[in-house]
Every structure is written in C-alpha cells, then in structure tokens.
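Written below as structure tokens is the structure these notes are about.
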Amino acid sequence: MKKHGWLILVIGIIFGFTLAKTTGKITRKKVKAAQELLGIRFENETIATMLDYLNNNLKGYESMRKFPLDNSISPALIFDPIPNDVVIKKDEGLNPWKINEGAVLPDNPDELAFYPLLDLAGLIYTRKISATDLTKLYLNRIQKHDPKLLSFVTITEDLALQQAQKADDELSKGLYRGPLHGIPYGIKDLAAVPGYPTTWGAAPFQNQVIDEIATVAKKLEDAGAVLLGKLVSGSLARGDVWFGGKTKNPWDLDQGATGSSAGSGAATAAGLVAFSIGTETLGSIIAPSTRTGSTGLRPTFGAVSKHGFMVLSWSMDKVGPICRSAEDCALVFDYIRGVDPKDRTTKAAAFKPLNKLDITQLKVAYFHELFEKDSSSSGHNNQRTLDELKKIGINPIPISIPQNFPFEVFDIILRAESGAFFDELVRSGTVDQLEEQHEGSRANSLRQSRFIPAVEYLQANRHRTLLIQAFHDLIKEFDLVLSPTYAGNQLLMTNLTGHPALSLPNGFDDKGRPTSLTLIGNYFGEDKLVSLASIYQEAYKYHGLVPLSVK
C-alpha cells in the first residue's frame with residue numbers, strides 16, 4: 001500500500017471502465033454520458049473523431065500503472081508561490097537562545113509538564129532535573145490522561161528512554177546540544193520514524209512501517225529532543241476521527257480536537273508533551289490549536305521540509321510546531337526550518353525573532369469586514385483583542401480581503417493531488433475500509449478526485465497564480481495582518497498562497513472553550529508573527545492554561 005499513481009491525466013478513467021478493471025473500448029455513447037460530469041458538450045460527429053485519442057489515452061493509463069511509484073516521488077511540477085519582488089533575506093543560522101538557568105522545580109511535579117521550553121531547558125542544563133526523569137513524568141501523564149483524550153497512536157517509550165538517557169550521558173560529559181536537549185515531544189503520525197508504525201490515522205495503513213526518518217524528526221533528534229510518540233492524525237489527514245476513535249479536546253471531552261493535527265493539539269494542551277509537530281494543508285495546525293487553546297505556527301510553504309511525511313497535497317502541505325506559547329513556537333521552528341535536499345520546495349531564509357522589538361513601529365492591518373460580520377462569542381473576543389493590541393501600542397489599519405476569485409474551485413487542487421498520492425488505495429477498492437464513508441469523508445473525496453479533468457486542475461492553478469499575486473500585493477506593505485480564524489475564505493486563501501500564519505489564543509467562548517485570532521505574515525515573515533504574539537502573550541495570559549480534565 002506504499003505505492004501510488006500519477007496525477008493529472010485522469011479524465012479517461014470515466015470513459016467506460018471501473019477503477020479496478022476496464023470494461024472495453026470507449027464508445028461515443030460513453031463519451032456523451034461522461035460529458036455531463038464535465039460540463040461540456042460535443043456533437044456526435046466531433047465525438048467520433050476523438051475516440052482513437054481517448055482509447056489510446058486509456059491504454060497509456062493502464063501502461064503507466066504497471067510502473068510502481070514510491071511514496072517519496074513527487075511530481076516534476078514543483079510549486080513555488082514566492083512572487084518575483086520578494087527578497088528572501090540570507091539565513092544566518094540558529095538564533096542564540098538564552099535558556100532560563102534560574103528556573104526552579106515546582107512543588108507539584110505535574111506543573112513541569114506546562115513549563116515554557118526555555119525553563120525546562122534551564123532545569124536540564126543545571127541538572128535540577130534529568131532528561132530521563134522529565135521523560136518519565138510525561139510518560140506517566142500519557143498513561144494517566146491519554147485514555148480519555150486518544151491523542152497518541154503509538155507511544156515510543158523504549159526509544160524515548162534511550163534518547164533521554166543519551167541526553168543525560170552527553171550532558172555529564174559536557175556536550176550540550178542546545179535548548180531542545182532532553183526535551184520530550186510528540187510528532188504527528190504522518191511522519192515516518194523507523195521501527196514504528198506510520199499509520200496515517202487510517203485502518204488500511206495501521207501496520208505500515210516506513211523504513212526512513214522524516215527530516216523534521218531527524219533535526220529534532222540531532223538537537224537532542226526526546227520522541228515520546230506518534231500523535232493522532234485524523235484518517236488520511238482529515239478531521240479528528242481515526243481508526244482508534246475520536247481525539248478529544250481537553251477543554252471539553254464531549255468535543256473533538258478537530259483538524260487532522262488533533263493529536264498534536266490535544267497532547268500539547270494537556271501537558272502530555274512539551275511541544276508537538278503538526279501539519280497543515282487546509283487548516284490542520286490552526287484549527288486544533290484554536291480548539292485546544294494552543295499556539296500553532298503554520299510556516300511559509302517551503303520553510304520546513306516535508307520529507308518523510310504523508311502527502312495530502314504536494315503544493316499545499318506545510319509542517320510546523322504546536323506549542324503552549326509563541327516563544328516556544330519560535331524556538332522549535334528555528335530548529336526544524338531550512339533547506340532539505342530531499343524536499344525541493346525548501347528554501348533558506350532568515351529567521352530573527354525580534355526580542356527587543358519596538359512594537360509601535362510595526363505596521364499591522366486587519367480584515368475589517370471579517371471582524372464586523374462575526375457576532376459570535378469568538379467575534380467578541382476578536383474585537384476585544386483589537387482593543388488590547390491598541391493598549392500595547394498597535395493600531396491596526398483596516399483593509400479588505402480579496403473577493404473576486406473562484407474560491408469554490410480551489411479545493412480541486414488539493415483533491416486532485418491527494419487523489420494521485422492515493423491512486424492505488426482507490427483503484428484497489430481499499431478506500432472502502434477507511435473509517436468514515438459519508439458524503440464529506442476523505443474516502444469520498446478520493447473517489448471523486450478521479451473525475452477532475454487535467455485541464456480544470458491546471459486552470460485552477462492559473463487562477464491561483466492571480467490569487468497569490470493579489471494577496472501578496474495587498475499585504476506586502478504591512479508587517480502582518482489580523483484575521484478572525486474561520487471567517488470568510490481566509491484559511492483557504494492563505495493555504496493556497498503559502499503565506500505563514502499563527503493561531504493566537506485570545507480567550508474563551510460562552511462554554512469555556514478556547515478561541516483564537518489568526519496572525520498572517522508575509523513570506524518568511526515568521527519572526528514578526530512570533531514576536532508580536534509573544535508581546536501580546538506577555539501582556540495577556542490566555543495561553544498556556546491547564547484544562548481541568550488533565551489537572
């Protein structure tokens with residue numbers, strides 16, 4: 001099940017054969033029926049002239065499927081959203097992070113699970129706690145609380161204890177790898193880790209072991225971080241339902257953690273990991289961060305390597321940190337970003353969190369129509385957040401979000417690309433074994449992808465080019481833009497354009513569940529996102545709080 005088919009030339013599939021086996025030649029009658037699916041119409045005489053082409057195409061598809069494709073093979077078409085006028089500043093390497101050597105142990109050890117990363121780093125560096133003891137604390141919390149959350153697919157206990165012991169041994173010999181040395185974390189189960197299942201949250205893949213390590217996991221290993229386990233992805237990166245059940249929101253156990261990085265959001269908010277790694281294609285870092293009260297950073301497309309992660313969309317997937325604060329996100333992002341030869345979309349870019357930022361010099365905008373239309377409790381929190389930002393020196397400028405685009409067709413880009421990666425799953429019929437089979441399920445999304453014509457996929461990408469330029473032209477004069485997280489087409493738009501975003505906890509709804517505001521940056525503008533968010537979080541404490549269900 002680790003092989004998949006190719007992408008664009010799928011239209012012939014509808015011309016007279018099932019996905020498993022052909023049913024003879026393509027005829028004029030079959031073409032006429034197929035036209036209804038495509039919204040086109042040709043006369044009988046014209047159809048007759050096409051039949052040889054269509055039957056030759058069909059033979060080509062069947063021939064192509066005899067040559068297996070490994071998961072790691074991406075299309076020859078490499079997506080690069082960066083406009084010509086963007087100057088990518090030179091990467092100067094890791095930042096000089098200052099750990100808190102003055103951090104002290106709490107009376108209640110469980111409070112450690114919610115400490116900032118630089119505090120945990122200070123405790124480990126000064127030997128006030130060992131990496132092994134800290135790892136055991138998190139493992140105990142996983143054992144105690146995860147049965148009600150279902151945030152872990154696989155607990156890598158043996159590996160974690162080995163890595164923690166190695167961190168302690170190295171520190172005793174004077175080798176300190178930096179602020180992530182000995183820090184326990186979890187990674188979304190789309191990432192390959194040798195020797196452990198990489199299930200993608202889906203029953204057909206629950207025993208799949210991929211003998212490679214995702215680049216991000218390798219970078220964190222090299223930084224001395226300790227892998228506690230694989231965190232739940234919704235089935236094939238959709239929602240919070242997987243083959244083991246539904247991952248819960250620690251703030252409301254009757255509610256799912258939402259988004260396919262549900263496990264990363266839930267485990268982080270519940271203090272089962274010190275930080276986590278998630279992925280986003282169309283909201284799966286931002287959404288679970290919002291619901292669980294975490295802080296999630298979705299980087300610029302190409303800022304972090306996707307190598308070793310399941311593909312949902314080659315041109316939309318992003319990998320980023322989910323943490324309890326913006327400062328923690330900045331630290332983790334610093335260690336996972338950068339060029340990876342195994343991912344040709346990656347770029348080297350500067351990242352300098354502005355620790356002494358003069359906030360009054362930031363030029364910030366906000367999508368005023370989206371704020372004005374939202375009358376929910378989340379909307380009230382967003383309006384209050386605008387007022388809070390003004391109190392600390394930010395005066396956002398109202399701007400209008402782009403409107404004149406065919407947003408309803410853009411999702412076909414994601415669906416066409418995911419249909420290619422999961423080609424064999426669909427053609428074999430194994431797609432019928434996925435956890436959800438309703439109209440809006442991943443299974444149905446993959447099935448219908450077979451009926452997306454190559455021409456329409458390419459046309460959607462041409463409209464995407466215009467959207468990228470329009471959005472870039474709108475926000476490039478600002479340092480960042482504020483938006484309600486779910487209002488309008490903001491999430492779809494910024495995932496298509498590849499701009500970075502940060503989910504900032506900003507209060508609670510009328511049922512006591514977290515809400516968030518989204519900060520959107522320019523390409524490779526993650527430093528300003530985390531800097532403003534950090535200043536806000538210093539002033540207003542809506543982040544890093546402990547849900548009652550895991551106290």
Side-chain angles (χ1 to χ4, degrees), residues 114 116 249-252 255 257-259 261 265-266 268-269 278 280 283 285-298 320-330 357 359 362 364-398 401 478-488 490-491 494 500-521 526 528-548:
F114 299 90
N249 176 11
W251 291 95
D252 181 355
Q255 185 183 58
T258 197
S261 300
T268 300
E280 175 155 326
I285 287 175
I286 300 298
S289 296
T290 295
R291 182 155 291 185
T292 65
S294 304
T295 304
L297 174 63
R298 184 191 78 210
I322 296 180
C323 302
R324 283 184 286 276
S325 71
E327 182 179 60
D328 285 0
C329 282
L357 175 70
I359 197 169
L362 278 181
V364 178
Y366 72 105
F367 294 131
H368 68 94
E369 307 104 323
L370 301 187
F371 281 86
E372 292 164 2
K373 290 178 181 178
D374 191 350
S375 60
S376 66
S377 55
S378 296
H380 294 314
N381 287 345
N382 291 337
Q383 289 290 346
R384 189 204 65 245
T385 301
L386 291 180
D387 293 336
E388 290 171 338
L389 286 169
K390 291 176 182 178
K391 291 177 182 177
I392 60 174
I394 293 290
N395 289 288
I397 299 168
I401 194 167
F478 299 96
D479 292 302
L480 50 88
V481 178
L482 311 176
S483 174
T485 295
Y486 297 121
Q490 179 270 123
L491 264 179
T494 56
L502 183 143
S503 177
L504 180 71
N506 71 337
F508 295 85
D509 65 16
D510 51 13
K511 294 185 179 179
R513 300 175 301 202
T515 62
S516 80
L517 186 71
T518 293
L519 313 184
I520 302 162
E526 288 84 356
K528 291 181 180 177
L529 290 179
V530 297
S531 295
L532 176 57
S534 292
I535 292 170
Y536 177 83
Q537 289 181 337
E538 287 176 9
Y540 304 102
K541 306 297 183 182
Y542 302 114
H543 66 290
L545 304 176
V546 182
L548 287 175

Exercise. Do Ser503 and Ser516 come within less than 4.5 Å of each other through their side chains, counting heavy atoms only?
Worked result: yes
Exercise. Do any N or O atoms from the side chain of Gln490 and from the backbone of Thr485 form a donor-acceptor pair under 3.5 angstrom?
Worked result: yes
Problem set entry | Straight-line distance of Lys528 NZ to Asp479 CG, nearest 0.5 Å | 3.5 Å
For this session: Check whether any side-chain heavy atom of Glu280 lies under 4.5 Å from a side-chain heavy atom of Ile286, and answer yes or no.
Result: yes
For this session: For the residue pair Asn382 and Tyr366, establish whether any side-chain heavy-atom pair is separated by less than 4.5 Å.
Result: no
For this session: Walk me through it: do Ser289 and Arg298 pass the test side chain to side chain donor-acceptor pair (under 3.5 Å)?
Result: CA-CA 11 Å; Ser289 296; Arg298 184 191 78 210; over 6 Å; no
Exercise. Got a second to check how far Glu388's CD is from Gln383's CD, nearest 0.5 Å?
Worked result: 11.5 Å
Problem set entry | side-chain contact (heavy atoms from CB on, under 4.5 Å) partner of Leu482, the single match among Leu389, Ile394, Thr518 | Leu389
Problem set entry | Heavy-atom closest pair, residues Ile359 and Ile392 | CG2-O, 3.2 Å
Exercise. Atom OG in Ser534, atom CG in Asp328: separation rounded to 0.5 Å?
Worked result: 9.0 Å
Problem set entry | Derivation and outcome, side chain to side chain contact (heavy atoms under 4.5 Å, CB included), residues Leu297 and Glu526 | CA-CA 8 Å; Leu297 174 63; Glu526 288 84 356; 4.2 Å; yes
Exercise. side-chain contact (heavy atoms from CB on, under 4.5 Å) with Leu480: which of Ile520, Val364, Leu502?
Worked result: Val364
Problem set entry | Leu504 side chain reached by Gln537 side chain, heavy atoms, under 4.5 Å | yes
For this session: Find out whether Pro514 and Trp251 are in side-chain contact, i.e. whether some heavy atom of one side chain is under 4.5 Å from a heavy atom of the other.
Result: yes
Exercise. Does a side-chain heavy-atom distance below 4.5 Å link Pro396 with Lys390?
Worked result: yes
Problem set entry | Where Leu519 and Ala533 come nearest, the two heavy atoms and their spacing | CD1-CB, 4.1 Å
Exercise. Taking the side chain from Asp509 and the backbone from Thr515, do they hold a donor-acceptor pair closer than 3.5 Å?
Worked result: no
Exercise. Would the number of heavy atoms belonging to other residues, nucleotides or ligands and lying under 6.0 Å from NZ of Lys541 be above 12?
Worked result: yes
Exercise. If every non-hydrogen atom of Phe367 is compared with every non-hydrogen atom of Ser483, which pair is closest and at what distance?
Worked result: CD1-CB, 3.7 Å
Problem set entry | Nearest-0.5 Å distance that lies between atom CG in Asn381 and atom CG in Asn506 | 5.0 Å
Problem set entry | Nearest non-hydrogen partners of Pro505 and Thr295, listed with the distance | CD-OG1, 3.5 Å
For this session: Please check if the side chain of Asn249 supplies one atom and the backbone of Arg291 the other of a donor-acceptor pair under 3.5 Å.
Result: yes
For this session: Can you measure from CZ (Arg324) to OG1 (Thr292) and round to the nearest 0.5 angstrom?
Result: 10.5 Å
Exercise. Which atom names give the shortest non-hydrogen contact between Gly283 and Leu491, and what distance separates them?
Worked result: CA-CD2, 4.1 Å
Exercise. Are any of the side-chain heavy atoms of Cys323 and Ser325 separated by less than 4.5 Å?
Worked result: no
Seminar exercise, completed: Heavy atoms of Gly259 and Ala287 approach each other most closely as CA-CB, 4.4 Å
Problem set entry | Aromatic centroids of Tyr540 and Tyr536 separated by under 6.0 Å | yes
For this session: Calculate, to the nearest 0.5 Å, the distance between atoms CD1 and OG belonging to Ile322 and Ser261 respectively.
Result: 5.0 Å
Exercise. Any side-chain heavy atom of Arg513 sitting closer than 4.5 Å to one from Gln255?
Worked result: yes
